[in-house]
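Only one structure is covered here, and it is reproduced in the block below.
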Amino acid sequence: MRQSQLLIPTLKEAPAGAEVASHQLMLRAGLIRQVAAGLYTWLPLGLRVIRRIEAIIREEMNRSGAQEVLMPVVQPAELWLESGRWEKMGPELARLVDRHERDFCLGPTHEEIITDLFRREVHSYRQLPCNFYQIQTKFRDEVRPRFGVMRAREFTMKDAYSFAADQAAFDATYREMHDCYSRILRRMQLDFRAVEADTGNIGGANSHEFHVLAESGEDTIAYASQGSYAANLERAVAAPPPPRPAPGESMSEVATPGMATIAEVAQFLEAPVRQCVKALAIRGEDNPILIILRGDHELNAIKAQKLPGVKRPLEFASEAEIRTATGASPGSIGPVGAQVPVFVDHEAAAVADFICGANRDGHHWVGVNWGRDLPLDESQLRDLRNVAVGDPAPNGQGELKFLKGIEVGHIFQLGDTYSQAMGATFLDREGKAGVPIMGCYGMGVTRLVAAVIEQHHDAAGLRWPEALAPFDAHLVALNYGKSESVREAADGLLAELSAAGIAVLLDDRPERPGVKFADADLLGVPSRIIIGERGLKQGCVEVRIGHGADLEQIAPTEVIARLR
RNA sequence: CGGGGCGUAGCGCAGUCUGGUAGCGCACUUGACUGGGGGUCAAGUGGUCGCAGGUUCAAAUCCUGCCGUCCCGACCA
């Protein structure tokens, strides 16, 4: 294709709003333009990349035995009422009303639609297992769209839904999809990790996320320094703490005037922070609920949200609510004598002779011991904290380390959540009704474009992996407009290479060489062919086959062989 | 939704504090020169200063309200 005929509006400077590398480069290289918050137009170059990603996904999904379908973006409320998610989803689900006053939503995902299809059309165990996928537009009214297409409101997703007659059959499909995702990401030359994850809004028992490693990633991955354990921080666990030492001190109250934070209290009492225990008050259905963590630990909101009686989404209790419930301000509350439900993190429960708020302003207890000074029932024990770098790994191998990742894929074990709720069944070998076990498998196509760029760029611009580049070769024709010989050579190569099925972009614009080179570096097409009068006089063009390769002088007739 | 920032030409910005009728660089158009790493010169095009209301002889500038957008926190492919 001719560059003069394509809209590729490159920019020297990145627009002010773009912070991360991929967003800046996507704007600068003319892949996308923003329409509104979280809504983007894909320009020709960006769309070509999307198409190549989709092609790889299709190939691998088809290879895994999945069948492609296409479901509607607009979905009737009835199905969502059946699954219970019409209420559960909240404002992220964009709702609309048609001219007949019927309720609809813009599909953020398609479990309801596919389960409805299944119950209508699939009736026999002979048709199982089966796996349906689509590549389609999703809409999620994100609280905060961010980083360009990385977190957009409207985006393209490949989503798949599997149905199996029993757990063993399901497990096989799940493993196959796990492998399939790994193949897809490897073909895109991505450095990624598959990690255990929280299931969030989709529901179900277990899930794995696929993260492309990048400093700009929004997620933190915890992994064991040895062995294979890796999990999203939302879900990551550490090895259990050693048993609690026996009490060594007696409990007494000390004045801690004006001390509100753990750090202040610890310093004032000349005790290590990990000797303190902190109490966080979160909102329960009616009363606040106290969460007890070791002083140096951080609350994990996802884990806390799963506690019985906790209001979702998780909110901290207000100062007034805390005062009403405990009689003290937030800086002085503690588990001793608490009149509200108390949940204790395993690590906090393993501390002896600890320091905690006395539920009296400006006072703390020291030398406190579980069991002796306050009750601790097994039922109160939970894992409620974020693991930290250096924690012992749960697999008993080494310690935990962190990486940042971009979640590009997420596979879920749904169990029979949806099939049960929506009455999807099949007849088994004995002629009895069975409830299919489902899985669902998402992969963010447009997000992948950003993720690929995060891993494949340099100071000058993009560096597309060959499998994803919008073009295979960039023909940079110098002085194309005025030099007859350049024009002939360039047009000839364009025709020849195109006929051979090589996607070529010919820079035939009347720009100076410097501009063309700078744009070529920005666009990041893997192979480059430079055609100039200087070389042609010696019967040569210059080629660079692949990123970072050396420039070679070869005859124009040899180009096609070198590119193959 | 809470906190903060920003809205002036396609992009990046100055001008706002201290009111006086809008400017710089790049881009774009035309011409000339130039022609292997964002070239030079000349002449141009392009702006309801986010929107609405108010104060004033006069508003990009002051006041009020609204909208948009970006960043930081709770959600997710």
Side-chain angles (χ1 to χ4, degrees), chain A residues 9-20 23-24 27-28 30 33-39 57 89-93 108-110 135-160 181 197-202 207 209-212 218-219 232 234 282 299-302 304-305 312-316 405-412 440-451 460 476-483 486 510-522 530-536 541-542 551:
Chain A
T10 57
L11 299 171
K12 279 189 191 175
E13 295 170 288
E19 300 256 321
V20 299
H23 189 197
Q24 293 184 350
L27 291 165
R28 286 190 53 212
R33 284 296 183 263
Q34 184 179 43
V35 175
L39 303 177
I57 292 175
M89 286 293 279
E92 189 181 320
L93 184 67
T109 174
H110 283 70
I135 296 176
Q136 193 246 24
T137 300
K138 297 281 185 279
F139 189 90
R140 296 182 187 176
D141 200 354
E142 292 279 351
V143 189
R144 184 148 114 71
R146 230 195 303 210
F147 303 154
V149 300
M150 196 92 87
R151 174 178 301 283
R153 291 194 290 176
E154 185 177 307
F155 58 97
T156 303
M157 179 162 118
K158 186 287 299 172
D159 47 324
Y181 272 38
D198 183 74
T199 53
N201 252 336
I202 306 287
S207 73
E209 289 170 344
F210 288 77
H211 285 267
V212 169
E218 297 182 85
D219 288 273
N232 192 310
E234 294 174 351
I282 59 174
L299 177 70
N300 180 307
I302 303 285
Q305 206 165 266
R312 302 174 67 147
L314 186 95
E315 288 171 13
F316 286 99
I406 301 165
E407 182 193 349
V408 297
H410 200 160
I411 61 178
F412 298 84
C440 76
Y441 317 90
M443 183 169 262
V445 174
T446 41
R447 180 180 283 180
L448 269 167
V449 180
V476 181
L478 305 177
N479 205 11
Y480 178 90
K482 293 208 181 141
S483 166
V486 167
E511 293 288 352
R512 292 173 56 86
V515 174
K516 294 196 177 202
F517 287 132
D519 273 350
D521 290 344
L522 180 58
I530 302 164
I531 304 171
E533 279 189 309
R534 187 191 290 177
L536 288 177
V541 296
E542 284 151 278
L551 273 180

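So that the names make sense, note that chain A is the first sequence line, chain B the second, and so on, each numbered from 1. Note that the structure is a prediction, hence the values are computed from the model and not measured.
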* Asked: Within less than 4.0 Å of OP1 or OP2 of B:C72, is there a side-chain N or O belonging to A:R144?
  -> yes

* Across the strands shown, which category fits A:Y480 at heavy-atom distances under 4.0 angstrom: base, sugar-phosphate, nothing? -> nothing

* Per A:A36 side chain, nearest of listed nucleotides B:C71, B:C11, B:U69 -> B:U69

* Structure fact -> Taken to the nearest 0.5 Å, the spacing of A:L478 CG from A:L536 CG works out to 9.5 Å

* To do: Figure out the CD/C1' separation between A:E511 and B:C28, and round it to whole Å.
  => 11 Å

* Structure fact -> Assign each of A:A152 and A:G17 the nucleotide of RNA chain B bearing its closest heavy atom; nearer the 5' end lies the nucleotide of A:G17

* Structure fact -> Sorted by position of nearest nucleotide on RNA chain B, 5' first, the leading residue of A:V149 and A:V35 is A:V35

* Asked: In whole angstrom, what separates A:E154's CD from B:A77's C1'?
  -> 14 Å

* Asked: A:A18 near the nucleic acid: base, sugar-phosphate alone, or nothing, with a heavy-atom cut-off under 4.0 Å?
  -> nothing

* **Strand partner of B:G36, provided both Watson-Crick or wobble distances fall under 3.5 Å** => none

* **Gap in Å between the two P atoms, one belonging to B:C24 and one to B:A14, rounded** => 16 Å

* Asked: What is the nucleic acid contact for A:V408, judged by heavy atoms within less than 4.0 Å: base, sugar-phosphate only, or nothing?
  -> sugar-phosphate

* Take atom NZ of A:K158 and atom P of B:C76, then tell me their distance rounded to the nearest Å. => 19 Å

* What distance, rounded to whole Å, do you find between the two C1' atoms, one in B:U16 and one in B:C62? -> 10 Å

* Pairwise C1' distance, B:A52 and B:G12 [rounded to whole Å] -> 29 Å

* side-chain hydrogen bond (donor to acceptor under 3.5 Å, both in side chains) partners of A:E142, counting only residues at least two apart -> A:R151

* Determine, for nucleotides 36-46 of chain B in 5'-to-3' order, which nucleotides have protein heavy atoms under 4.0 Å from the base (write B), from only the sugar-phosphate (write S), or from neither (write -). => BBBB-------

* Structure fact -> A:T446 has its side chain closest, among B:C75, B:A77, B:G12, to B:A77

* Which whole-number value in Å describes the distance from A:L299 CG to B:A74 P? -> 10 Å

* Look at the side chain of A:R140 and the backbone N and O of A:P108, then say whether any donor-acceptor pair between them is shorter than 3.5 Å. => yes

* Asked: Nearest-Å distance, CZ (A:R153) to P (B:G68)?
  -> 9 Å

* Point-to-point distance, once rounded to the nearest 0.5 Å, from NZ of A:K158 to NZ of A:K138 -> 10.0 Å

* Integer angstrom distance from the P of B:G25 to that of B:C41 -> 11 Å

* Under 3.5 Å, is there an N or O donor on one side and an acceptor on the other linking the side chain of A:R151 and the base of B:C76? -> yes

* With rounding to the nearest 0.5 Å, note down the distance linking NE2 in A:H23 to CD in A:Q34. => 6.0 Å

* Asked: Donor-acceptor pair, A:N300 side chain versus A:E234 backbone, under 3.5 Å?
  -> yes

* Asked: C1' atom, B:G65 versus B:C26: distance in rounded Å?
  -> 37 Å

* **Touch class at under 4.0 angstrom, heavy-atom based, for A:Q136 against every strand present** => nothing

* To do: Report the base-pairing partner of B:A60 (Watson-Crick or G-U wobble, both distances below 3.5 angstrom), or none.
  => none

* Structure fact -> Here the gap from A:R447 atom CZ to A:T156 atom OG1, rounded to the nearest 0.5 Å, amounts to 12.5 Å

* To do: Can you tell me, in whole Å, how much space there is between the C1' of B:U21 and that of B:C57?
  => 13 Å

* **Phosphate-side-chain proximity, A:Q34 and B:G68, N/O vs OP1/OP2 below 4.0 Å** => no

* Would you kindly give the CZ-to-C1' distance between A:F316 and B:G2, to the nearest whole Å? => 14 Å

* Asked: How is A:A160 classified with respect to the nucleic acid when contacts are heavy atoms under 4.0 Å: base, sugar-phosphate, or nothing?
  -> nothing

* Asked: With both distances kept under 3.5 Å, what pairs with B:C28, Watson-Crick or G-U wobble?
  -> B:G44

* Asked: How long is the span from the CG atom in A:L522 to the CZ atom in A:R28, to the nearest 0.5 Å?
  -> 5.0 Å

* Structure fact -> Paired to B:G65 by Watson-Crick or G-U wobble criteria (both distances under 3.5 Å) is B:C51

* To do: Give A:E218 one of three labels, base, sugar-phosphate or nothing, depending on what nucleic acid heavy atoms sit under 4.0 Å from its own.
  => nothing

* Quick one: does A:E511's side chain have a donor or acceptor within less than 3.5 Å of a partner on A:K516's backbone? -> no

* **A:Y181 OH to A:H410 NE2 distance, which is reported to the nearest 0.5 Å** => 10.0 Å

* Does A:R33 put a side-chain nitrogen or oxygen below 4.0 Å from OP1 or OP2 of B:C11? -> no

* Nearest-Å distance once atom C1' is located in both B:A22 and B:A9 -> 11 Å

* To do: Tell which nucleotide pairs with B:C1, taking only Watson-Crick or G-U wobble pairs whose two distances are both under 3.5 angstrom.
  => B:G73

* Asked: With rounding to whole Å, what would you report as the distance between B:G15 and B:G23 at their P atoms?
  -> 16 Å

* Asked: For the pair made of CD1 in A:I302 and C1' in B:A74, what is the distance, rounded to whole Å?
  -> 9 Å

* For the pair made of CD1 in A:I282 and C1' in B:A74, what is the distance, rounded to whole Å? -> 13 Å

